[in-house]
Each structure stands twice: as C-alpha cells, then as structure tokens.
Protein chains: 2
Amino acid sequence: MSSPSGRLTKSLEDYLEAIAVLHERDGKATVTTLSEAAGVKKPSVDWAVRKLSDAGLVTHERYGDIHLTDEGAHLADEVCRRHKALLSFLTGILMVDTETAEVDACRMEHALSRESMHRLESYISFVMKCYPGRSDWEDIFNRYLQYGVDQRGILPDLDSGASPDGEGRE
Amino acid sequence: MSSPSGRLTKSLEDYLEAIAVLHERDGKATVTTLSEAAGVKKPSVDWAVRKLSDAGLVTHERYGDIHLTDEGAHLADEVCRRHKALLSFLTGILMVDTETAEVDACRMEHALSRESMHRLESYISFVMKCYPGRSDWEDIFNRYLQYGVDQRGILPDLDSGASPDGEGRE
DNA sequence: TACGGTTGTTAGAGCAATCTAACACCTTGT
DNA sequence: ACAAGGTGTTAGATTGCTCTAACAACCGTA
C-alpha cells in the first residue's frame, strides 16, 4: 500500500487518472489506448481494469470500452485536481520545464497527504494573488536563480558571483 | 525501479536513509533498531541489507552491525539533504504540522527529479531571504489561510468571509 | 559453564505489478 | 462469407518487497 488517498494503490490511481484523461481526449478509453497512455502492455491494463472494476470504479464488459462509474469519475477528478495543482506549482512557481514537471507531478500526486495538498493549493493561489502580474515574479526568481540575492532584500546584487543554482532558466 | 536518483528503488533508499539516521543517533545500526525505525519485520531488513550490501553501499557480516561504505554514506547524505529540504518547505513555507510533514517528506523525496529538487532548494532559500524575519511571513500566509486575500495585494481584508482553507493553523 | 532471552538468519509463502507467448474475438475489405 | 489484421484475454513467469514460523548464534547472569 498505498497513496495518502487511501483507497487505491499508486498504480491503480494512475490508471484511473489515465482513463479520465482519455475520456476527456477522445470520449472513451480502450485497452489499447490506455496501454499506450500508461506505457505498459495490454495484459497489465487488463489486470488493472479488473481491479478497478472489482472496486466499483470502472465498468468494462468483455471486448468493450472502459467507462468510469460515478464514484470512479469522482475519484479521478480528485487525482486530476492534485495533478494540476502540482503542475502549476512546478512550472509556475519553481519554473521547472513542462516535461519534467509533468513527470514529477505524476509521482508527487501520490506522495502528499490531504493536508499538505490543501496547503499547497492555498499557497499557490496565495502567490498568484501576491504577484498578479506573474512576469514580475518570474523575473525576480529567475534573477535569484542566476545571481543569488543578498541578505537585505528581494533585489539581487547583480555583481555578486554567488549562484545558488547553476542552471538558470533552461 | 526506481526513484529519480536512479541507482536504488524507493524502498532501498529509505533503508539507506534510516541506517544513516541511526548512525547519527546512536553510533551504529542493527537489524533490530533498523527494523523498528523502518516499521518492518526483521527478515525484511535482512533482505534489504543484503541488497544494499550487494550494491556496495553497506557492509554487514553475520551477526554484526551494519555500516555504510563511503559510497553508501555519500548517497545517504544526498537523500537526507532532500529530506531536510522537503521538510523545511512543508513546515516552514506551507506551515504543515511536523508529523504530517515528516511522513510526506519521506514519500516526496522519491518523487522529485534532480532538477525540481534543485529548484525547490533555491526557492526555499529565496523565500527565507525575502522574509528574513520569518514571523512576518508566517503571519501573512496564516492570515491568508484563515481569511483569504483580495485581488489588490498581500494584506487580507479581515472582514471578508471567504476562507480558502478551513483549518487555519492547528 | 550452562541456561534463557535477545538478536539475527533462513525458508517459504503471498501480494502487487509487470512481462511474454499464445489464444479468442471482432471488423472490415474483397 | 471468409481471410487478415487489429484488439482483447488468458496463462504463466518474474521481480520487488513484505510477512510468519522456525531455527541459529550470541551474551549476561547465576
């Protein structure tokens, strides 16, 4: 076991999310598309679908499409919300590039407790509102990434050599 | 497979970290203390130690204590650094309570890529330096958690009923 | 030095999640 | 209507990690 949401393992939560995303994208999910989306072979999908079906989150009759039950859709929404929040934290605040953020968000969505997730969501909207321009924020943090900042305030000393992060913005 | 650090599985990374913590705490690690620290039975520890030993990260002769090799110690330091960073983010910025933060940090340390981790560390020191008083920052975010903030700036409207997070500060 | 209790190890089972190989079913073009 | 190719399923193996039950080694005390 198990992610902080309790109920499902990380793996099954990922399958559920992928099913929701596929439904969003092309109105249905099949074993093949799901297998491609999840990067696993079909028998693995079959196994997962059976599990999700046993848990009452998905319906699937032999050779048919895969559909979310109300409960499954609800749970999938939860997971997607987490995912989006983490993505926007990684790209919007930490300024991580989109592909890396996507991968990391996928892993993090199973790591955070309900409480921390809640706080993170609040924090994101807090920062967004404190820097409504966004570009200001990006500039400030990027300058910090490149040049560091002195003890006295937000604006970095552009002549100081100390760099807390060698990479800067990709 | 595998955490973003590559090399080890999440589980083995956790064991390695626990060994380092035990060495820190009481100068050595044994199967029993490790088993208690990790919350697993002794045969599981034995299995893990064998794996870590095979990987050259730990030395362990029959019925003896468990010691980190140089390589193991180095890797453990890495993991501990991640852990501490995540902990300080959760408690110091998101204001999550210590126990929850401890659990979440343990899970997150396997989820973040090297790049994101790096950014997060920079971000933490950035925020710390931007709010050198700390208490200011705590106040501001806590007020936001309780009362919300309006679109115009940092200071919340204390009379507005809108609350983005019901819990407030424990 | 022998005994009892703690500590460590071994053997073997079990579960989650994945795979390959082989098979069953469906659909579509000719 | 039937062969072909794609799609879905089954069987069975494998890996990582955990457990219980039983056994072996170590150590303090009498």
* Asked: How close or far is atom P of D:dG16 from atom NE2 of B:His110, stated in whole angstroms?
  -> 17 Å

* CG of A:Asp70: more than 12 outside heavy atoms within 6.0 angstrom? -> no

* Counting only side-chain N and O atoms of B:Tyr15, is one of them less than 4.0 Å from OP1 or OP2 of D:dT18? -> yes

* In whole angstrom, what separates B:Trp47's CH2 from D:dT20's P? -> 17 Å

* Asked: When you measure from every atom of DNA chain C, which of residues 59-69 of chain B have a heavy atom less than 4.0 Å away?
  -> B:His60, B:Arg62, B:Tyr63

* Is there a chain of hydrophobic side chains (I, L, V, M, F, W, Y, each step under 4.5 Å between heavy atoms) that links B:Leu68 to B:Val21? -> no

* **Single-linkage hydrophobic cluster B:Val40~B:Ile19, side-chain heavy atoms < 4.5 angstrom** => yes

* Asked: D:dT18 C1' sits how many Å from B:Asp14 CG, rounded?
  -> 14 Å

Quiz: residues 49-67 of chain B side-chain donor-acceptor pairs under 3.5 angstrom, not counting sequence neighbours:
residue	atom	partner	partner atom	Å
B:Arg50	NH2	B:Asp46	OD2	2.9
B:His60	NE2	B:Gly64	O	3.2
B:His67	ND1	B:His23	NE2	3.3

* To do: Indicate whether OP1 or OP2 belonging to D:dT10 is found under 4.0 Å from a side-chain N or O atom of A:Arg50.
  => yes

* **Within residues 27-46 of chain B, residues whose heavy atoms come under 4.0 Å of DNA chain C** => B:Thr30, B:Val31, B:Thr32, B:Lys42, B:Pro43, B:Asp46

* Would you call B:Ser35 and B:Lys41 a side-chain contact if the rule is heavy atoms closer than 4.5 Å? -> no

* **Residues in side-chain hydrogen bond (donor to acceptor under 3.5 Å, both in side chains) contact with B:Ser44, at least two apart in sequence or another chain** => none

* Return the set of residues passing side-chain contact (heavy atoms from CB on, under 4.5 Å) with B:Arg81 (not counting sequence neighbours), or none when no residue passes. => B:Glu78, B:Glu121

* To do: Applying ring-ring contact (aromatic ring centres under 6.0 Å, His included), name anything that partners B:Tyr15, two or more places apart in sequence or on another chain.
  => none

